[in-house]
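Working notes, beginning with the structure itself.
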Amino acid sequence: MSQQGKPQTAITPTRADNYQDWYQEVIKAADLAENSDVRGCMVIKPWGYALWENIQRVLDGMFKETGHVNAYFPLFIPVSFLEKEAAHVEGFAKECAVVTHHRLELRDGKLVPTGELEEPLVVRPTSETIIGASFAKWVQSYRDLPLLINQWANVVRWEMRTRLFLRTAEFLWQEGHTAHATQQQAVDETMKMLGVYAEFAENYMAMPVIQGEKTAGERFPGAVSTYCIEAMMQDRKALQAGTSHFLGQNFAKASGIQFTDENNQLSHAWTTSWGVSTRLVGGMIMSHADDDGMICPPRLAPQHAVILPVAQKPEDRARVLEYCRALQKELKAQWFAGAPVRVELDDRDLGGGVKSWQWIKKGVPLRLEIGPRDIDKDSIFMGRRDKGPKEKTSIARGELVSTIATLLQSIQDGLYQRALAFRTEHTREINTKDDFYAFFADPPKKKPNDPTPIHAGFALAHFNGDPALEAKIKDDLKVTVRCIPLDAKLGGGPGTCPFTGEPSKQRVVWAKSY
RNA sequence: CGGGGCGUAGCGCAGCCUGGUAGCGCACUUGGUUCGGGACCAAGGAGUCGCAGGUUCAAAUCCUGUCGCCCCGACCA
C-alpha cells in the first residue's frame with residue numbers, strides 16, 4: 001500500500017480514475033500497438049499482432065468449417081462502383097480515401113502528384129460493390145449458388161477521431177460475402193454467421209455478447225437487416241464486436257448478380273455480408289485487462305505461459321536454465337484447446353521483479369518462476385494472471401505438466417464468468433421514462449476536461465420502434481438502441497413503451513456505445 | 001470541423017506566471033553491495049525544450065503561426 005492508502009498498480013491512471021487514459025496505458029504497457037506517423041493509423045506490435053493472428057486462425061477455421069473459402073479482391077474500388085447502391089453511397093461517401101493520381105514528379109525538390117486518373121479509385125471502406133462485380137460474372141445458374149466467400153483484408157475509413165484498435169483510419173478485418181438462390185437461405189446464412197461470431201466471442205475471447213438486430217438507424221448502409229453481437233466493456237459502454245448483414249437483393253440488383261433458377265426464370269441472388277475487425281483486440285482489452293495491465297484469454301494468448309528462471313547466483317544459472325528448458329519442452333508437448341501449449345522461456349538478464357512485471361502487464365496467463373529451491377523440490381512457483389500479482393502458489397512439476405490444459409481452461413472460464421457477472425450487475429430492466437433518464441444521467445464532472453464519467457450500463461426497456469424517438473433519446477442522453485435482442489429472456493415479450501405509452505413487441509438493449 | 005489540455009533525455013514529469021544559458025524520478029552504462037524478486041550505494045552517459053518566425057543584450061519561459069497527441073462535442077466498426 002502506498003501512502004495514499006491505494007494499492008500500487010502497474011497502470012496509472014486506474015480504470016476508476018480515468019478509463020480512457022487507462023486503456024491507452026494498457027496498450028502501451030502490454031506493448032500491443034502504438035500510434036504511427038500516419039495520422040489515425042496504428043502500428044500493431046508483435047504481441048498485439050499475435051493476438052490478431054490467433055483470432056484469424058480460429059475464425060478462419062470456423063469459416064472453413066461452415067463451408068466458406070477465402071479469396072482476395074482489389075484494394076481499389078472505382079468510384080462508379082460505389083455509386084451503384086444509393087444507401088451505400090450515403091453511408092460511406094463521407095469517409096473515403098480517394099486515389100486520383102498514378103505518378104509523382106519531382107518539382108523544386110518536392111514530389112507532386114501528376115497523371116490524373118480518368119476515374120478516381122476509392123480505397124475500399126468495405127467490398128460489397130467490388131465483390132459484387134465478380135459475383136455477377138461467377139453466377140449464371142442456380143447450380144452456382146450458394147457462393148460462400150471470405151476475404152482477410154485491410155480497409156480504410158477516414159475517421160475524425162481515432163482510438164487504437166477501436167477506431168483507426170486503416171484497420172484489419174475479415175469480410176464474408178455470400179450469394180444465395182433464395183431469401184431464406186440468405187437469412188439463414190446471416191444468422192449462422194452471427195452465431196459463429198457469438199460462439200467465438202464467448203468461447204475464445206471469453207467475452208459475453210448479446211446477439212440482436214440493429215434498428216433502422218444503426219443498420220449497415222444498403223442492408224435490409226443488420227445483426228450484431230454487443231459486449232459490455234468495463235466502463236459499461238457497449239462495443240459492437242461483430243456484424244452480420246442480410247442484404248436482400250439490393251446489392252445483387254446494383255451489381256447484376258443474376259441466375260437462372262430451376263424453372264428457367266431469371267432472378268437476382270440474395271446476398272449477405274459479415275465482418276469482424278481488429279476492434280476485437282480492443283474488446284479483449286476492455287473486457288479483461290485490469291489495473292496491472294492486459295489479461296489475455298488463454299485460448300488467444302500469444303503465449304500461454306512464461307518460464308522465469310530465478311538464478312541469482314552465477315553458479316546456479318546453468319542448472320536452473322537446463323531445468324527450465326526441459327520443462328519448456330515438456331509443457332510444449334501438452335495440448336490446450338486443440339493446439340500445442342505455447343511456452344516462452346525468458347532468460348533475459350533482467351532483474352527478476354522487473355521481468356515478472358513485464359509479463360504481468362502483457363497479460364500472459366501463467367508465470368512459472370523456477371529457482372534452485374524449486375528444482376530441489378521438483379516444484380514450480382506459479383502465478384496466475386487472473387489472480388493478484390503476489391498470490392503465487394507452489395505446484396509439483398508433474399502436476400503442472402499434467403494439468404496445464406485444465407489450468408488454462410479454468411482461467412479462460414473465470415474470465416468469462418467475471419465478465420458475465422459484471423454485465424449482469426450493470427444491466428437493468430427499466431419501465432418508466434423517469435427511471436430511464438435517471439439511469440443514464442451523467443455523474444457530475446469535476447473539471448470541464450475530465451473524461452466522460454462511467455455511466456450506469458445496459459438498460460432493457462420497451463420501445464415502440466420509432467426512429468424519431470430513438471434520435472431524441474440519443475440527443476438527450478447519447479444513449480442508443482444497441483440491439484433488439486434475439487434472446488427471449490432479455491426481450492421479455494410484449495409490453496408498453498415507457499416513452500410513448502404505445503405497445504412494444506419486446507424489450508431492447510439501450511446503452512452508450514463505442 | 002468547433003471547445004479545452006498537452007508537446008522539455010528512451011519513458012513519466014518539474015521548470016514557464018515573475019526571460020539569465022536545463023532539472024527530477026524511472027530506464028541505460030560502469031564498479032561495489034544484496035540475492036525467491038518491481039533491490040541498495042557510488043560514479044557516468046544521454047535533451048537543437050514539437051517545428052517555424054518574431055520581441056529582446058538574452059527565450060523552454062513572452063508574442064504569432066504551424067504540426068502532432070489526448071479529452072469533450074458532431075460522425076462512425
Side-chain angles (χ1 to χ4, degrees), chain A residues 8-13 18-21 23-25 28-29 31 34-40 90-96 125-126 155-175 197 214 217-218 220-221 226 228-231 238-245 273-283 292-293 308-317 320 350-361 367 369-377 380-381 383 389-390 392 394 442 445 447-453 474-475 478 480 513-514:
Chain A
Q8 190 185 358
T9 57
I11 304 294
T12 46
N18 185 332
Y19 192 83
Q20 293 311 331
D21 283 357
Y23 175 74
Q24 301 205 129
E25 284 303 315
K28 199 188 291 180
D31 213 22
E34 62 191 25
N35 279 304
S36 76
D37 292 336
V38 186
R39 188 198 179 98
E90 221 181 300
F92 287 107
K94 282 166 288 182
E95 49 183 32
C96 284
T126 179
V155 284
V156 167
R157 296 182 187 174
W158 213 260
E159 296 291 346
M160 292 291 192
R161 224 175 118 189
T162 59
R163 243 196 287 241
L164 291 175
F165 290 115
L166 297 175
R167 172 161 293 110
T168 47
E170 179 192 12
F171 57 96
L172 306 181
W173 79 346
Q174 84 26 243
E175 46 181 327
Y197 287 154
K214 287 294 190 189
E218 299 274 323
F220 176 74
T226 287
C228 60
I229 52 172
E230 296 280 334
L239 183 79
Q240 179 176 308
T243 50
S244 186
H245 314 293
S273 68
W274 27 274
V276 298
S277 72
T278 34
R279 175 176 252 204
L280 290 181
V281 178
D292 287 324
L308 303 165
V310 179
Q312 307 199 334
K313 297 186 185 108
E315 62 268 30
D316 289 332
R317 197 172 155 78
V320 170
L350 260 183
V354 175
K355 202 196 274 188
S356 189
W357 275 99
Q358 281 186 1
W359 287 104
I360 291 172
K361 288 186 274 192
R367 301 185 309 283
E369 303 180 356
I370 298 169
R373 292 219 303 263
D374 301 297
I375 297 175
D376 295 341
K377 290 185 295 177
I380 279 106
F381 206 49
K390 298 260 151 74
K392 292 182 275 197
S394 206
D442 268 337
K445 290 187 181 188
K447 280 177 274 169
N449 270 335
D450 278 355
T452 309
K474 184 177 181 182
D475 214 40
K478 292 167 201 109
T480 50
S513 72
Y514 278 97

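All values below come from the heavy atoms of this structure, side chains included, with hydrogens, waters and symmetry mates left out. A note on names: the letters A, B, ... follow the listed sequences, proteins ahead of strands, and every chain is numbered from 1.
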Take atom [atom1] of [X] and atom [atom2] of [N], then tell me their distance rounded to the nearest Å.
X	N	atom1	atom2	result
A:Asp475	B:G73	CG	P	13 Å
A:Tyr19	B:C72	OH	C1'	18 Å
A:Lys361	B:G38	NZ	C1'	8 Å
A:Ile380	B:G36	CD1	P	19 Å
A:Asp292	B:G38	CG	C1'	11 Å
A:Ile11	B:G12	CD1	P	13 Å
A:Lys94	B:A74	NZ	P	14 Å
A:Trp357	B:G37	CH2	P	13 Å

Practice task
Return the set of residues passing side-chain contact (heavy atoms from CB on, under 4.5 Å) with A:Val156 (not counting sequence neighbours), or none when no residue passes.
Solution key: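 Here the qualifying residues are A:Ala97, A:Val123, A:Trp158, A:Glu170.
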
Practice task
Please name all residues satisfying side-chain contact (heavy atoms from CB on, under 4.5 Å) with A:Asp292, sequence neighbours left out, ordered by chain then number.
Solution key: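 With neighbours one apart ignored, the set is A:Thr9, A:Ala10, A:Asp290, A:Trp357, A:Ile360, A:Arg385, A:Pro389.
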
Handout entry: Partners passing salt bridge (Lys or Arg N to Asp or Glu O under 4.0 Å) against A:Asp475 (at least two apart in sequence or in another chain)
Key =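 Salt bridge (Lys or Arg N to Asp or Glu O under 4.0 Å) check on A:Asp475 returns nothing, list empty.
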
Exercise for the section: Check salt bridge (Lys or Arg N to Asp or Glu O under 4.0 Å) between A:Lys361 and all other residues, then give those that pass, not counting sequence neighbours. Expected result: none

Just call it for [X]: base, sugar-phosphate, or nothing, with non-hydrogen atoms closer than 4.0 Å on any strand.
X	result
A:Pro389	nothing
A:Ser394	nothing
A:Glu159	base
A:Ser277	base
A:Leu166	base
A:Lys28	sugar-phosphate
A:Lys478	sugar-phosphate

Whom does [N] pair with, Watson-Crick or G-U wobble, provided both distances fall under 3.5 Å?
N	answer
B:G2	B:C72
B:U21	none
B:C40	B:G32
B:U64	B:A52
B:A58	none

Completion exercise
For A:Gly91 and A:Pro221 the tightest heavy-atom approach is CA-CG, 3.6 Å

Among [options], the nucleotide that comes nearest once only the side chain of [X] is considered:
X	options	result
A:Glu369	B:G38, B:G36, B:C72	B:G36
A:Phe381	B:G36, B:C72, B:C75	B:G36
A:Pro372	B:G36, B:G37, B:G38	B:G36

Partners of [X] by side chain to side chain donor-acceptor pair (under 3.5 Å), sequence neighbours excluded?
X	value
A:Asp316	none
A:Tyr197	A:Gln174
A:Lys214	A:Glu230, A:Gln240

[atom1] spacing across the pair [N] / [M], given as an integer number of angstrom:
N	M	atom1	result
B:C67	B:A27	P	38 Å
B:G25	B:G38	C1'	15 Å
B:C70	B:G32	P	46 Å
B:G12	B:A74	C1'	33 Å
B:C11	B:G50	P	13 Å
B:G54	B:G19	C1'	15 Å
B:U55	B:C63	P	15 Å
B:G15	B:U61	C1'	9 Å

Exercise for the section: Could you encode protein contacts along nucleotides 25-32 of chain B as a string, one character per nucleotide from 5' to 3', using B for base contact, S for sugar-phosphate-only contact and - for no contact, with a heavy-atom cut-off of under 4.0 Å? Expected result: --------

Exercise for the section: Check whether any side-chain heavy atom of A:Glu175 lies under 4.5 Å from a side-chain heavy atom of A:Thr126, and answer yes or no. Expected result: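 Side-chain contact under 4.5 Å: yes.
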
Handout entry: Minimum side-chain heavy-atom gap A:Pro309-A:Ile370 below 4.5 Å
Key = no

Handout entry: Interatomic spacing from OG1 in A:Thr168 to CZ in A:Arg157 - rounded to 0.5 Å
Key =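 The OG1 atom of A:Thr168 sits 10.5 Å away from the CZ atom of A:Arg157.
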
Protein-nucleic acid N or O pairs under 3.5 Å, nucleotides 66-70 of chain B:
none

Fill in the blank from the handout: Comparing A:Lys474 with A:Lys392, nearest RNA chain B nucleotide closer to 5' gives the residue A:Lys392

Handout entry: Contact nearer the 5' end of RNA chain B, comparing A:Arg161 with A:Ala169
Key =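 It is A:Arg161, whose closest nucleotide lies nearer the 5' terminus.
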
Exercise for the section: Please check if the side chain of A:Asp374 supplies one atom and the backbone of A:Gly371 the other of a donor-acceptor pair under 3.5 Å. Expected result: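 Yes, the answer is positive, given that a donor and an acceptor are paired below the 3.5 Å cut-off.
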
